[in-house]
Amino acid sequence: MPKPLGLKILGTGHYVPERVLNNQYFIDRLDTTDEWIRERTGILERRIAAPHESSATMATAAARAALADAGLTPHDIDLIIVATITPECYFPSTACFVQESLGMRPTPSFDLLAACSGFIYALVTAAHMLQSGVYRRILVIGAETMTRITDYEDRATCILFGDGAAAVVLEKCDDPNGPSLLYHQICAEGSGPTVLTVPAGGARLPASLMTVNERLHYIKMAGREVYKVAVKRNIELVDETLRATGIRPEDLAIVIPHQSNLRIIESARERLGLPQERFFTNIQKYGNTSAASIPLGLDECLKTGRVGRGDLVMLIAFGAGYTWASALLRI
Ligand code: COA
């Protein structure tokens with residue numbers, strides 16, 4: 001079992017675009033119904049970025065909010081990690097755009113790609129880097145403009161995704177009884193290119209007239225297959241995290257799962273036997289925002305007082321790759 005890593009959340013913040021896409025938007029354009037979307041996914045609405053917005057602009061806004069919450073300025077940050085699957089461009093990294101927009105002195109900045117598990121991967125990476133003593137404060141951001149890679153002609157995927165960003169400012173904590181990353185698990189198992197991917201635009205299948213005509217720059221997903229694996233992995237993550245730490249479900253203040261589908265979340269909640277109020281959901285209003293979904297949840301739980309100092313919070317995520325991850329935080 002990994003040893004606890006002293007880790008304090010100094011501040012959190014988020015940004016979501018103003019424009020809301022409700023289910024009616026899809027009903028007006030596709031062969032679908034409000035009942036189908038609600039019952040199969042739990043989603044009522046999601047946010048969509050304005051033309052002038054992108055992953056870096058939203059990440060920057062979320063970072064500013066987190067820094068203000070922490071009472072810090074960009075100059076207090078030693079390193080930036082942006083978890084995203086919708087970067088500004090091939091290169092440079094979205095983190096470099098954020099670093100520049102925040103007006104920071106030269107600061108190590110990089111992106112991390114682990115799809116919907118990206119935020120937990122980035123949190124764990126940051127926690128280990130803080131332990132080295134080289135970095136004092138790290139800004140970890142999950143930022144996605146999913147609607148730019150969503151095919152609005154594919155009714156099975158376009159209803160699922162939304163845009164947003166959220167950020168946390170982290171510092172090492174030396175008090176063994178203080179805030180801590182008590183347990184973490186990150187893992188991946190390659191599933192090949194067919195299950196959940198954006199097939200074109202990379203080195204494997206560069207952009208061409210054919211890839212554009214065949215809509216290969218959009219998300220392709222074998223939904224039913226992903227669903228089954230997601231349910232199985234989420235339950236395993238919960239079981240393993242509890243077993244490894246000896247924590248009982250009733251000791252948890254809240255579980256913040258990646259918001260992929262309300263039914264996937266419910267299966268993990270039932271496994272824990274926790275009441276709905278101790279299992280965070282915001283998929284109803286944001287849809288699946290990939291790497292942004294867990295920090296959006298964390299920020300909301302901290303700001304609304306659902307979580308406070310000393311509380312135990314479990315984060316779980318599953319995503320394309322496949323990747324999966326869990327973290328147990330003492331706030
Ligand atoms: N409205 C109405 N019908 C729809 C629809 C929509 N928006 N989208 C798909 N359908 C239809 C399908 O065409 C299919 O019709 P058929 O039986 O005539 O072939 C039927 O509904 C069932 O499709 P299926 O894909 O089996 O539905 P499902 O119950 O698995 O739900 C998802 C689809 C996408 C909601 C579900 O599979 C899912 O959530 N998968 C995981 C998604 C996910 O978490 N992805 C990210 C990983 S982090």
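Read the numbers this way: they start at 1 and go in the same order the structure lists the ligands and their atoms.
Near Arg263, with a cut-off below 4.0 Å to any heavy atom, the atoms of ligand 1 are 29 (O), 31 (O). Interface atoms of ligand 1 facing Asn261, defined by a heavy-atom separation under 4.0 Å, are 35 (C), 38 (C), 39 (O). Interface atoms of ligand 1 facing Ser260, defined by a heavy-atom separation under 4.0 Å, are 44 (O), 48 (S). Remark: ligand 1 atoms within the under-4.0 Å shell around heavy atoms of Thr41 are 35 (C). Close approach of ligand 1 to His258 (heavy-atom distance below 4.0 Å) involves ligand atoms 48 (S). The Ile264 neighbourhood of ligand 1 comprises atoms 44 (O), with distances under 4.0 Å to a heavy atom of that residue.
Heavy atoms of Leu196 found under 4.0 angstrom from ligand 1 belong exclusively to the side chain. Of all the heavy atoms of Asn288, the ones lying under 4.0 Å from any atom of ligand 1 belong exclusively to the side chain. Only backbone heavy atoms of Phe318 (N, CA, C or O) come within less than 4.0 Å of ligand 1; its side chain stays farther off. Residue Thr32 touches ligand 1 through backbone and side chain together, judged by heavy-atom distances below 4.0 Å.
For atom 13 (O) of ligand 1, the nearest protein heavy atom lies under 4.0 Å away. Protein heavy atoms are found inside the 4.0 Å sphere centred on atom 37 (O) of ligand 1. Within the 4.0 Å cut-off (strictly below), no protein heavy atom is located near atom 20 (C) of ligand 1. Distances from atom 17 (O) of ligand 1 to the protein include no heavy-atom value under 4.0 Å. Within a 4.0 Å radius of atom 28 (P) of ligand 1, the protein contributes at least one heavy atom.
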*Under the side-chain contact (heavy atoms from CB on, under 4.5 Å) criterion, do Phe119 and Val168 qualify, and how do the steps go?*
CA-CA 10 Å; Phe119 179 77; Val168 296; 3.9 Å; yes
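Note that the CD1 atom of Ile48 and the OH atom of Tyr25 stand 6.0 Å from one another [nearest 0.5 Å]. Distance check: Leu112 CG to Leu123 CG gives 11.0 Å after rounding to the nearest 0.5 Å. With rounding to the nearest 0.5 Å, the separation of CG in Leu10 from CG in Asp69 is 9.5 Å.
Counting heavy atoms of neighbouring residues, nucleotides and ligands inside a 6.0 Å radius, atom NZ of Lys8 does not exceed 12 of them. Within a 6.0 Å sphere centred on CD of Glu240, other residues, nucleotides and ligands contribute more than 12 heavy atoms.
Residue nearest to atom 2 (C) of ligand 1, selected from Phe26, Tyr227, Trp36: Trp36 (by heavy-atom distance). Nearest to atom 40 (N) of ligand 1 by heavy atom, out of Gly321, Gly223, Ser290, is Gly223. Which of Ala320, Ala156, Cys116 comes nearest to atom 34 (C) of ligand 1 through a heavy atom is settled by distance: it is Ala156.
In this structure, a donor-acceptor pair under 3.5 Å is absent between the side chains of Ser55 and Glu88. Side chain to side chain, Gln284 and Thr281 meet the donor-acceptor criterion of an N or O pair below 3.5 Å. Using a 3.5 Å distance cut-off with no hydrogens or angles, the side chains of Thr84 and Thr94 do not pair a donor with an acceptor. Side chains of Glu225 and Tyr227: a donor-acceptor N/O pair is absent below 3.5 angstrom, by distance only.
Arg40 NH1, 3.8 Å is the protein heavy atom nearest to atom 22 (C) of ligand 1. Closest to atom 7 (N) of ligand 1, if we only count protein heavy atoms, is Arg155 O, 2.9 Å. Of the protein's heavy atoms, Met221 SD, 3.3 Å lies nearest to atom 45 (N) of ligand 1.
Using a 4.5 Å cut-off between side-chain heavy atoms of Ile, Leu, Val, Met, Phe, Trp and Tyr, with links allowed through other members, Trp324 and Val195 fall into the same hydrophobic cluster. In the hydrophobic cluster analysis, where Ile, Leu, Val, Met, Phe, Trp and Tyr join through side-chain heavy atoms closer than 4.5 angstrom, Val198 is grouped apart from Tyr90.
For Glu266 and Arg269, the salt-bridge test passes: some basic side-chain N is under 4.0 Å from an acidic carboxylate O.
In terms of N/O distances under 3.5 Å, ligand 1 is approached by Arg224.
Considering Asn22, Asn288, Thr147, Asn23 in turn, Asn23 is the only one that fulfils the side chain to side chain donor-acceptor pair (under 3.5 Å) rule with Arg46.
For Ile37, the heavy-atom gap to ligand 1 stays at 4.0 angstrom or more.
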